[in-house]
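Report on one structure; see the data block that follows.
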Amino acid sequence: MDPEPVRRDIPTCSLCGEPAAIHQRQAGRHLCGTHLIADLGQRVSETIASRQQVVPGDCVAVGLSGGKDSTALLLILHQLFGSQGDIRLVAVTVDEGISGYREATVRSAEALVHRLGVEHITISFEELYGHSLDTLLKGREPQACSICGILRKKALVMAAERAGATKLATGHNLDDEAQSVLMNVLRGDLGRLVRDSGLESSGRFIPRIKPLMYVQEKEIATYLMVQRIWDDLPECPYAIHALRREVRSLLSGLEYRHPGTMLRLMENKKTVAAAFRGKSPIEPVSTCRECGDPCSGETCQVCRLRHSLGF
Ligand code: SF4
Ligand code: ZN
């Protein structure tokens with residue numbers, strides 16, 4: 001007699017009974033691919049509407065590194081606004097010059113904009129600063145992410161300006177935002193901690209928006225996988241130096257064991273920010289005496305870097 005087949009309980013979608021693609025632990029439900037796609041579209045649309053991140057007449061520059069978060073962001077924004085004549089989308093890519101890494105993600109970004117028929121602007125560190133990140137970092141690899149972050153922020157704003165954008169959207173997800181809260185606490189940086197990360201005008205005068213700020217990284221990864229838009233891309237070689245990497249692994253362990261940890265961190269940040277409203281510990285914004293960009297203090301971070309790195 002044939003042995004009884006082993007019965008495994010395959011989780012099914014809580015909404016339709018099809019095989020599940022993801023377990024949304026905090027919501028206490030499973031979703032299939034189709035319902036996950038619908039759920040993310042709906043939640044991103046709600047984030048955008050509740051914070052008035054996009055309004056008719058906007059030209060939204062979408063920061064597209066080619067990695068999974070920015071790929072998902074462009075797909076969702078294209079799905080929401082692609083056919084609306086009163087909102088224009090332009091993808092903007094920064095090529096920092098990181099060999100063995102950025103070439104592949106730039107190719108992935110180009111393939112996506114080609115497929116969607118979205119306008120695309122690429123800007124490089126070489127063109128803006130006269131050097132690639134690889135050259136600037138020689139001997140300073142442990143500071144890679146802070147140097148890269150400062151230079152990339154300015155590069156993104158410049159690309160958005162070239163596009164004539166009124167908003168600059170980035171693919172920061174819930175994990176990134178929760179990590180930033182914890183990192184600011186660990187660094188004792190109250191000014192950054194209380195800044196509104198959902199809509200901030202820290203880039204020249206183009207407000208930055210983060211439509212994925214309430215979507216988890218694993219939801220984004222599954223969203224791409226179920227649509228078979230998943231490129232196995234290399235990781236940035238400098239990521240090993242990042243404090244963020246350690247915070248990320250700590251937080252994802254906490255989130256797994258205590259679902260909702262990341263959302264609670266974001267809520268706590270809002271409470272602290274509200275307590276500081278009107279008496280913000282952030283230095284007032286002035287203009288850099290060298291380049292005219294908005295900054296706190298006399299000289300902006302990019303100009304200070306130019307002096308210390310000598311470029
Ligand atoms: Fe830049 Fe660090 Fe990100 Fe690499 S991991 S792209 S160095 S911020
Ligand atoms: Zn400056």
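Atoms within each ligand, like the ligands themselves, are counted from 1 in listed order. Counting begins at 1 with the first residue of the sequence.
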Is the shortest side-chain heavy-atom distance between Asp39 and Leu31 below 4.5 Å?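 When only atoms from C-beta onward are counted, Leu31 and Asp39 do touch, with a gap below 4.5 Å.
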May I ask you to identify the nearest protein heavy atom to atom 8 (S) of ligand 1, giving residue, atom name and distance to one decimal place in Å?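 Looking at atom 8 (S) of ligand 1, the protein heavy atom closest to it is Arg152 NH2, 3.4 Å.
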How far is atom 1 (Fe) of ligand 1 from its nearest protein heavy atom, and which residue and atom name does that atom have?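 Checking every protein heavy atom, the shortest distance to atom 1 (Fe) of ligand 1 gives Cys148 SG, 2.4 Å.
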Heavy atom to atom 6 (S) of ligand 1, shortest distance: which of Asp134, Ile147, Ile98, Leu137 holds it?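 Answer by nearest heavy atom: Ile98.
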Could you tell me whether any N, O or S atom belonging to Cys303 is less than 2.8 Å from the Zn ion (ligand 2)?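 Yes.
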Answer yes or no as to whether an N/O/S atom of Cys145 is found below 2.8 Å from atom 2 (Fe) of ligand 1.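 Yes.
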Output the list of atoms in ligand 1 that are nearer than 4.0 Å to some heavy atom of Tyr238, sorted by atom number.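 Here the atoms of ligand 1 in question are 7 (S).
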Identify, by atom number and element, the atoms of ligand 1 in contact range of Cys236, meaning under 4.0 Å from any of its heavy atoms.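 Answer, ordered by atom number: 4 (Fe), 5 (S), 6 (S), 7 (S).
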Salt-bridged, [X] to [Y], with N to O below 4.0 Å?
{"X": "Arg248", "Y": "Glu217", "result": "yes"}
{"X": "Glu235", "Y": "Arg245", "result": "yes"}
{"X": "Glu110", "Y": "Arg107", "result": "no"}

Using the six-membered ring of Tyr129, assess whether NZ or CZ of Arg306 lies under 6.0 Å from its centre and within 45 degrees of the ring axis.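 Cation-pi check for Arg306 and Tyr129: fails.
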Could you tabulate the donor-acceptor pairs under 3.5 Å formed by side-chain atoms of residues 14-23, not counting sequence neighbours?
unit_1, atom_1, unit_2, atom_2, d
Ser14, OG, His30, N, 2.9
Ser14, OG, His30, O, 3.1

